[in-house]
Amino acid sequence: MIDRYESPIVQVVCSVLTPFIQLFALYVVMHGHYGPGGGFQGGVLLAVSIMLSRLYLGKEVSHRKFPPKLAVALAAIGMLVFVLAGLIPMVTGGMFLDYAYLPIPWVSGASLRYLGILIVEMGIALAVFGTLVLVFDKLVEER
């Protein structure tokens with residue numbers, strides 16, 4: 001079981017640092033198709049922010065802020081987004097993850113491929129985020 005860390009210095013530093021980690025994680029996900037980064041790295045950073053809160057807030061408070069069942073749901077939604085972004089182009093005549101065949105009527109050409117990559121990156125980020133939080137929770141739970 002994880003108990004609340006009682007140092008006020010650690011409490012303040014972690015509570016100030018957590019939103020910046022989350023903001024940087026969103027930046028990494030949203031700009032991952034431009035350069036280095038993407039869904040996996042952004043998902044790991046988001047998971048680290050939740051793990052940090054689990055360590056400095058303790059089990060009870062952090063589970064109220066971010067329940068473990070939400071991590072399972074987000075991991076499943078992320079995988080579903082990834083699979084649908086891969087299978088929908090197959091249904092519309094393309095190959096798996098062929099973003100040019102995504103049926104989004106108001107977007108075409110390079111913008112459609114750009115949007116498809118972003119959708120996949122967001123799905124991967126959610127899946128990695130939920131899975132890592134779930135693994136962390138399972139590793140620290142009481143037996």
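Here the side chains of Tyr56 and Ser15 are in contact, with some heavy-atom distance below 4.5 Å. Using a 4.5 Å heavy-atom threshold, the side chains of His63 and Asp137 count as touching. Using a 4.5 Å heavy-atom threshold, the side chains of Lys59 and Val140 count as separate. In this structure, the side chains of Ile124 and Met79 stay at 4.5 Å or more apart for every pair of heavy atoms. Side-chain atoms of Ile88 and Pro103, non-hydrogen and from C-beta on, do get closer than 4.5 Å to each other. Looking at Arg113 and Asp98, their side chains come closer than 4.5 Å, going by heavy atoms from C-beta outward. Taking 4.5 Å as the limit, every side-chain heavy atom of Leu112 sits out of range of all side-chain heavy atoms of Trp106. The closest side-chain heavy-atom distance from Val120 to Leu97 is below 4.5 Å.
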Derivation and outcome, ring pair (Phe, Tyr, Trp, His ring centres under 6.0 Å), residues Phe129 and Phe66: CA-CA 12 Å; Phe129 168 58; Phe66 188 83; 5.4 Å; yes

Run the side chain to side chain contact (heavy atoms under 4.5 Å, CB included) check on Val29 and Gln41 step by step: do they pass? CA-CA 7 Å; Val29 171; Gln41 293 88 340; over 6 Å; no

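Contact between Gly42 and Ala25 at its shortest, heavy atoms only, is O-CB, 3.5 Å. Contact between Ile119 and Ala85 at its shortest, heavy atoms only, is CG2-CB, 4.2 Å.
Distance check, rounded to the nearest 0.5 Å: CZ of Phe20 to CG of Leu23 gives 7.5 Å. The CG atom of Leu52 sits 4.5 Å away from atom OG1 of Thr18, with the distance rounded to the nearest 0.5 Å. Atom CG in Leu26 sits 10.0 Å away from atom NE2 in His31 (nearest 0.5 Å). One distance of note links CG of Leu17 with OG of Ser53; it measures 11.5 Å at 0.5 Å rounding. Atom CE of Met122 and atom CZ of Phe82 lie 14.5 Å apart (nearest 0.5 Å).
The number of heavy atoms from other shown groups lying within 6.0 Å of CE (Met30) does not exceed 12.
In this structure a side-chain-to-backbone donor-acceptor pair under 3.5 Å is present from Ser49 to Leu46. When atom types are taken as modelled, the side chain of Ser62 and the backbone of Leu57 share no donor-acceptor pair closer than 3.5 angstrom. Of the possible polar contacts, none joining the Ser111 side chain to the Val107 backbone as a donor-acceptor pair under 3.5 Å is found.
With sequence neighbours excluded, the residues that form a side chain to side chain contact (heavy atoms under 4.5 Å, CB included) with Val12 are Val16.
When hydrophobic clusters are built by joining Ile, Leu, Val, Met, Phe, Trp and Tyr residues whose side-chain heavy atoms come closer than 4.5 Å, directly or via intermediates, Met90 is grouped together with Leu102. Residues Leu74 and Val72 do not share a hydrophobic cluster, defined by chaining ILVMFWY side chains whose heavy atoms lie under 4.5 Å apart. A continuous path of hydrophobic side-chain contacts links Val128 to Val133 [ILVMFWY only; heavy atoms under 4.5 Å]. Under the 4.5 Å side-chain heavy-atom criterion for Ile, Leu, Val, Met, Phe, Trp and Tyr, Leu80 and Leu70 are members of the same hydrophobic cluster. Ile117 and Leu84 fall within a single hydrophobic cluster, where Ile, Leu, Val, Met, Phe, Trp and Tyr side chains are chained together by heavy-atom contacts under 4.5 Å.
Between Phe24 and Tyr27, the ring planes are parallel. Angles under 30° get that label, and only those over 60° would be called perpendicular.
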